[in-house]
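Below, chains carry the letters A, B, ... as their sequence lines are ordered, and counting in each starts from 1. The basis for the numbers below is simple: all heavy atoms, side chains too, and nothing from hydrogens, waters or symmetry mates.
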Number of protein chains: 2
Amino acid sequence: MRFSTRLSDAVHILCFIYLNPDENLSSERIAESVRTNPGYVRQLMSSLRKAELISSTKGHAKPMLAKDAEEITLRDVYRAIEGDKPLLHLDTHTNPECGVGVNIQLALQEYYDRIQIAAEAEMERITLQDVLDGYHERIKKDKR
Amino acid sequence: MRFSTRLSDAVHILCFIYLNPDENLSSERIAESVRTNPGYVRQLMSSLRKAELISSTKGHAKPMLAKDAEEITLRDVYRAIEGDKPLLHLDTHTNPECGVGVNIQLALQEYYDRIQIAAEAEMERITLQDVLDGYHERIKKDKR
DNA sequence: TATGCTGTTATTATTAAAATTACAATAGGA
DNA sequence: TCCTATTGTAATTTTAATAATAACAGCATA
């Protein structure tokens, strides 16, 4: 596979919705900004809707954030998009005849969980508003 | 792609070397435990050697840890294997005509860096010895 | 010297991600 | 009501990173 940019694309979509509250926001229009196709955008939006981060209705090109930007954390988005998929993956395909391999992987799980928790804790400290603030700072700098 | 299990396999190799200090440890033998092929094992070992986590010599099937197990952290292994590859990836392929996309991704970078630092900080707290301890605990439990 | 192994590179296969396609169903306007 | 634009969803295809495989020069040891 190629490495996933789904979280990045989902954040992009959320920001784009926030930044364009009035305009006609079709998946086609969003897809142009992300430079992808409308189907992919709708798939991500479907996940975001199920996680109640946005609301949208069939046939109506007016998606909206379902919460304030301060209330949406990167962890919310990560979970919405990736579900339980972790950042690091065990090799669960080691030789079962060799107890060493299996037990090392099982031992590793415990530590991977810690790393996941640390990463998600940091994600939880970052809100969509933070990303938007960073975005606005950049826009300002660009103009100078 | 499939998702990477390289870090897990590298830890497996390190533990396997630690646990079998006397035996003839060919890449073939290690590969059997990981249930993979010797070439892949040698590639990972090549990265570990370059990072000075193990020592090994051409033609001689006696790889050794180059440091104490307490001195090798998960972060060391991660860096040895993955280099600068981060856990989360920006979408660097957004529409350049749309400043929104580009700037959102650039803003995200700053926050992804934070998450990476948090994850690596936790990795740094975990040593090969910790994993080995977890492994030994499991072995004990299995026997009961 | 002969054998077995390493270190390295090149090539192929596998598979998750992303792209693409298709279509029933809904919203809103003419 | 009919028409157009769009959504929501699923199915299929393409792309590309990972892992598997193959090949071989060069070193270690018997």
> Which ones in residues 38-51 of chain A lie close to DNA chain D, meaning a heavy atom under 4.0 Å from one of its atoms?
Replying inline: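 DNA chain D contact set from residues 38-51 of chain A: A:R42, A:Q43, A:S46, A:R49.
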
Interatomic distance where [atom1] belongs to [X] and [atom2] belongs to [N] [whole Å]:
X: B:H89; N: C:dA18; atom1: NE2; atom2: C1'; result: 15 Å
X: A:I30; N: D:dT6; atom1: CD1; atom2: P; result: 12 Å
X: A:L7; N: C:dA17; atom1: CG; atom2: P; result: 13 Å
X: B:H93; N: C:dA18; atom1: NE2; atom2: C1'; result: 11 Å
X: A:F3; N: D:dT18; atom1: CZ; atom2: P; result: 8 Å
X: B:I54; N: C:dT6; atom1: CD1; atom2: P; result: 11 Å
X: A:H12; N: C:dA18; atom1: NE2; atom2: P; result: 15 Å

> Base, sugar-phosphate alone, or nothing: which one does B:K62 contact when heavy atoms must sit under 4.0 Å apart?
Replying inline: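 It contacts nothing in the nucleic acid.
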
> How is A:N24 classified with respect to the nucleic acid when contacts are heavy atoms under 4.0 Å: base, sugar-phosphate, or nothing?
Replying inline: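 Sugar-phosphate only.
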
Side chain of [X]: nearest nucleotide among [options]?
X: A:A61; options: D:dT7, C:dA18, D:dT18; value: D:dT7
X: A:T5; options: C:dC5, C:dA18, D:dT6; value: C:dA18
X: B:N37; options: C:dA17, C:dC5, D:dT21; value: D:dT21
X: A:H60; options: C:dA18, C:dG28, D:dT18; value: C:dG28

> Same hydrophobic cluster for A:L87 and B:F3, using side-chain heavy-atom links shorter than 4.5 Å among ILVMFWY?
Replying inline: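 No, A:L87 and B:F3 fall in different hydrophobic clusters.
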
> How far apart are the C-alpha atoms of B:C98 and A:E32, what are their side-chain angles, what is the distance that settles it, and do they pass the side-chain contact (heavy atoms from CB on, under 4.5 Å) test?
Replying inline: CA-CA 8 Å; B:C98 173; A:E32 270 173 36; over 6 Å; no

>> Going by side-chain contact (heavy atoms from CB on, under 4.5 Å), B:Q105 matches just one of B:V100, B:L90, B:T92. Which one?
In response: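 Of B:V100, B:L90, B:T92, side-chain contact (heavy atoms from CB on, under 4.5 Å) with B:Q105 is met by B:L90 alone.
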
> Of B:L44, B:L48, B:I13, which meets side-chain contact (heavy atoms from CB on, under 4.5 Å) against B:I54?
Replying inline: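 Only one option passes, and that is B:L48.
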
>> Assess the residue pair B:V34 and A:D91 against the criterion (side-chain contact (heavy atoms from CB on, under 4.5 Å)); give the C-alpha distance rounded to whole Å, side-chain angles, the decisive distance to 0.1 Å, and a yes or no.
In response: CA-CA 8 Å; B:V34 183; A:D91 184 350; 3.9 Å; yes

> Stepwise, does the side-chain contact (heavy atoms from CB on, under 4.5 Å) test hold for A:E70 with A:L128?
Replying inline: CA-CA 6 Å; A:E70 294 92 357; A:L128 188 62; over 6 Å; no

> To the nearest 0.5 Å, what is the distance between CG (A:L108) and OG1 (B:T5)?
Replying inline: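 A:L108 atom CG to B:T5 atom OG1 measures 11.5 Å (nearest 0.5 Å).
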
> Can you find a side chain N or O atom of B:S26 that sits less than 4.0 Å from OP1 or OP2 on C:dT6?
Replying inline: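 Looking at the OP1 and OP2 atoms of C:dT6, neither is under 4.0 Å from any side-chain N or O of B:S26.
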
>> Is A:S27 close enough to D:dT7 that one of its side-chain N or O atoms is under 4.0 Å from OP1 or OP2 there?
In response: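 Answer is yes, contact under 4.0 Å.
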
> Mapping A:K58 and B:G59 to their closest nucleotides on DNA chain D, which lands nearer the 5' end?
Replying inline: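 Result: A:K58.
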
> Which residue lies toward the 5' end of DNA chain D, A:T57 or B:E82, if each is placed at its nearest nucleotide?
Replying inline: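 Of the two residues, A:T57 wins.
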
> Starting at the 5' end of DNA chain C and moving along, which residue's nearest nucleotide shows up first, A:R35 or B:S56?
Replying inline: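 Nearest nucleotide further toward 5': that of B:S56.
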
